[in-house]
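Notes to accompany the following structure.
Residue numbers begin at 1 in each chain, while the letters A, B, ... track the order of the sequences.
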2 protein chains.
Amino acid sequence: MTTAIRGIETDFERGIHISEKTIARMRWYLFALDEFAKEDMSVVASREIADKVGVKSGLVRKDLCHFGGFGRPSVGYNIAYLQKKIKEILRINQVKNVAWVGAQRLADEPALIEKFADSNCEIEAVFDKDSTKLGMRIGNLQVLGIGEVEAVVQNLGIEAAVIATPSEDAQEVADRLTAGGVKAILNLTPVVLVVPPGVAVRNVDLASELMMLSYYCGGNGGVNGLAHA
Amino acid sequence: MTTAIRGIETDFERGIHISEKTIARMRWYLFALDEFAKEDMSVVASREIADKVGVKSGLVRKDLCHFGGFGRPSVGYNIAYLQKKIKEILRINQVKNVAWVGAQRLADEPALIEKFADSNCEIEAVFDKDSTKLGMRIGNLQVLGIGEVEAVVQNLGIEAAVIATPSEDAQEVADRLTAGGVKAILNLTPVVLVVPPGVAVRNVDLASELMMLSYYCGGNGGVNGLAHA
DNA sequence: TAGATTGTTAATCGATTAACAATC
DNA sequence: TAGATTGTTAATCGATTAACAATC
């Protein structure tokens with residue numbers, strides 16, 4: 001809304017709510033910038049970013065404006081600078097402490113630990129409801145019982161969590177996580193979680209997505225859908 | 001909008017566009033109905049469905065009304081009947097012919113073939129750009145070159161496709177698929193695809209989701225997000 | 001009949017688009 | 001200066017909520 005010059009705060013800095021759709025597009029814009037950077041460009045217009053991701057140029061400018069005035073009239077946006085700014089906004093370079101609930105999935109697919117680390121998400125605790133899994137080692141972590149979720153999450157300052165439990169436990173786990181102060185949940189189950197306001201949930205579940213695609217197969221005119229995204 | 005009695009068509013039947021958010025919630029409602037069915041209930045009120053998935057009851061009724069008048073005043077919705085109807089709407093019980101592009105992922109994780117079959121998605125063709133993979137067998141299918149995508153997709157009447165290629169090939173593949181008439185794409189790459197109007201894209205990518213969650217970690221007040229929806 | 005809950009309309013809210021003055 | 005593109009406002013569009021008459 002306003003530029004960040006001389007102490008005038010942006011919407012973002014004022015804590016004004018920014019829609020999830022805008023945040024999803026910020027990721028798209030970053031993707032576009034990476035593409036332009038590969039082509040050795042140093043400056044782009046909102047129009048070029050817009051075309052690359054399939055939105056209108058005014059929307060690109062409006063989205064970016066929530067976070068500050070990053071461009072220069074008649075010139076455009078400096079790619080390296082805007083990349084840096086979007087990464088800051090999305091906290092991409094900050095290390096995030098993550099809890100993982102549902103040890104089996106991580107035991108089956110230990111490569112996930114590195115995949116998370118690639119995104120600066122460090123798995124700091126693993127929990128499981130199944131008492132036979134207690135104490136089991138995953139990487140250099142010991143599996144804890146889900147009764148400890150609230151306390152451990154609070155003590156370690158964990159802000160995000162992954163739910164990879166059997167479906168029937170997912171909602172209980174979400175309740176415990178949010179009680180412990182978790183603000184962001186990645187839900188790998190098909191369960192529709194209900195969480196308090198202010199907590200973000202992202203769902204990643206193949207079967208659920210297939211269900212939605214199925215509707216569009218017949219040609220029920222759908223357009224781009226973020227997972228999302 | 002209107003009931004389906006005596007030839008009066010629903011929004012759905014008239015081909016009026018129904019928002020992606022509504023379709024996502026239809027899946028949620030089905031989830032809730034499955035839960036209620038487990039508890040041996042036979043009838044529910046919109047209010048109960050709403051509470052189970054975290055929306056307002058009026059929205060549940062409005063969403064359902066796009067597809068027909070499934071409830072009875074002062075009674076509610078018959079669970080078995082509504083389950084059946086939503087499954088019809090989402091085409092869940094219909095077999096969908098699916099193309100898969102990017103053979104490596106399927107070779108690495110052959111269990112995906114059955115996972116898709118569980119959702120009535122039959123993988124009818126596999127394509128790859130890498131000529132060294134041509135003719136390779138996956139299940140009972142032979143890998144075809146991506147030059148054949150348009151023709152094969154058309155001939156087999158394929159309506160949906162999965163893109164699991166290296167990032168740099170994803171947009172080209174999307175272009176070929178849509179040229180061949182594909183109306184629904186499941187995108188397993190982090191690429192932001194641009195597709196013609198009327199084509200649905202669902203993204204399933206862990207790194208992209210972590211990027212979005214990262215924003216909400218600090219407590220930038222987010223609410224429920226579908227990947228999702 | 002009295003009470004409950006649907007289907008649907010009208011009011012509100014939020015997000016996108018169009019347009020343009022300000023700026024480089 | 002003339003031309004281009006931003007940041008931002010006002011207009012439009014669409015989705016949610018509130019409310020209620022119709023129905024069981």
Counting only Watson-Crick or G-U wobble pairs whose two distances fall under 3.5 Å, which nucleotide matches D:dT9? C:dA18
B:E109 and B:K115 ion-paired at < 4.0 Å: no
Let me know, please, whether A:R72 or B:L64 comes out on the 5' side of the other along DNA chain C by nearest nucleotide. B:L64
Nearest-0.5 Å distance that lies between atom CE in A:M26 and atom CE in B:M211: 12.0 Å
Without decimals, in angstroms, what is the distance between B:K85 NZ and C:dG7 P? 13 Å
Contacts of A:G58 and A:V75 projected onto DNA chain D by closest heavy atom; the upstream (5') one is A:V75
Just to be sure I understand the geometry, which residues of residues 35-51 of chain B put a non-hydrogen atom under 4.0 Å away from DNA chain C? B:A45, B:S46
As a test of reading the structure: which of C:dA22, C:dT17, D:dG7 is closest to the side chain of A:K56, going by heavy atoms? C:dT17
Salt-bridge contact B:K84-B:E88 (side-chain N to carboxylate O under 4.0 Å): yes
Is there a side-chain contact (heavy atoms from CB on, under 4.5 Å) between B:V98 and B:L156? Walk through the geometry before answering. CA-CA 9 Å; B:V98 176; B:L156 297 182; over 6 Å; no
Nearest-nucleotide pick for A:P73, side chain only, options being C:dT5, C:dA22, C:dG7: C:dA22
Grab the CG-P distance between B:L82 and C:dT6 for me, whole Å please. 11 Å
Ring centres under 6.0 angstrom apart (A:F12, A:F67): yes
Given D:dT16, C:dT17, D:dG7, the nucleotide with the shortest approach to the side chain of B:K62: D:dT16
Lys/Arg N to Asp/Glu carboxylate O, B:R202 vs A:E209, below 4.0 Å: yes
So, is B:R25 near the phosphate of D:dT16, with a side-chain N or O under 4.0 Å from OP1 or OP2? yes
How many whole angstroms separate atom CG of B:L59 from atom C1' of C:dA10? 16 Å
In whole angstroms, the gap separating P of D:dA15 from CD1 of B:I16 amounts to 12 Å
What distance separates B:R47 CZ from B:R61 CZ, expressed to the nearest 0.5 Å? 10.0 Å
Against the side chain of B:S74, the closest entry in C:dG3, D:dC20, D:dT8 is C:dG3
Side chain of B:Y77 only, please: which of C:dT6, D:dT5, D:dT8 is the nearest? C:dT6
pair_partner(D:dT23), Watson-Crick or wobble, both distances < 3.5 Å, evaluates to C:dA4
When you measure from the side chain of B:C65, which nucleotide among C:dT16, C:dG7, D:dC24 comes out closest? C:dG7
Please tell me which of B:S57 and A:T22 maps to the more 5' nucleotide of DNA chain C, matching each residue to the nucleotide holding its nearest heavy atom. B:S57
